[in-house]
Amino acid sequence: MIPADIRSRFKLGPADRLEWLVENGQIRVIPVREDPIAAFRARGKGGATARLLADRQTDREAE
């Protein structure tokens with residue numbers, strides 16, 4: 001059972017699963033969202049589309 005304060009802090013819902021990883025003698029618990037794409041939506045610094053388009057324009061000009 002996941003404590004309520006952890007569920008709240010990490011916005012874990014009933015459909016979310018946990019993945020247990022053992023690395024270098026440590027246990028890490030990673031939340032696995034039901035819809036991983038929706039979980040990352042709106043989490044970036046912003047302007048990713050504009051940066052991508054600018055990078056593509058730079059690449060086209062370099063060709």
Side-chain angles (χ1 to χ4, degrees):
M1 187 184 304
I2 303 169
D5 59 330
I6 292 176
R7 285 193 320 268
S8 176
R9 179 176 176 186
F10 293 98
K11 298 178 178 64
L12 296 173
D16 295 324
R17 299 173 53 115
L18 300 176
E19 181 176 334
W20 297 77
L21 302 174
V22 177
E23 299 175 336
N24 302 322
Q26 296 181 339
I27 299 171
R28 292 180 37 199
V29 182
I30 310 294
V32 180
R33 307 292 180 187
E34 181 179 30
D35 183 358
I37 294 172
F40 285 104
R41 215 170 256 145
R43 298 233 187 242
K45 292 182 179 179
T49 303
R51 286 192 307 273
L52 175 63
L53 292 175
D55 287 346
R56 286 185 178 175
Q57 181 64 33
T58 302
D59 291 344
R60 279 194 294 274
E61 291 169 358
E63 289 179 348

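- Closest approach of L18 to P31, counting heavy atoms only: CD2-CA, 3.9 Å.
- Using a 4.5 Å cut-off between side-chain heavy atoms of Ile, Leu, Val, Met, Phe, Trp and Tyr, I30 falls into a hydrophobic cluster with L21.
- One hydrophobic cluster, built from ILVMFWY side chains closer than 4.5 Å, cannot hold both V29 and V32; they sit in different ones.
- For R60, the salt bridge (Lys or Arg N to Asp or Glu O under 4.0 Å) criterion is met by no residue, not counting sequence neighbours.
- Here L52 is tied to no hydrophobic group at all, with no ILVMFWY side chain closer than 4.5 Å.
- When the side chain to side chain contact (heavy atoms under 4.5 Å, CB included) test is applied to I6, the partners found at least two apart in sequence or on another chain are I2, P3, F10.
- Partners of E19 according to the side-chain hydrogen bond (donor to acceptor under 3.5 Å, both in side chains) rule, which considers only residues two or more places apart in sequence or in another chain, do not exist here.
- Counted within 6.0 Å of CD on Q26, heavy atoms from surrounding residues, nucleotides or ligands total 12 or fewer; the atom is thus considered open.
- When the side chain to side chain contact (heavy atoms under 4.5 Å, CB included) test is applied to P14, no partner is found at least two apart in sequence or on another chain.
- Here R28 pairs with E23 under the side-chain hydrogen bond (donor to acceptor under 3.5 Å, both in side chains) rule; sequence neighbours left out.
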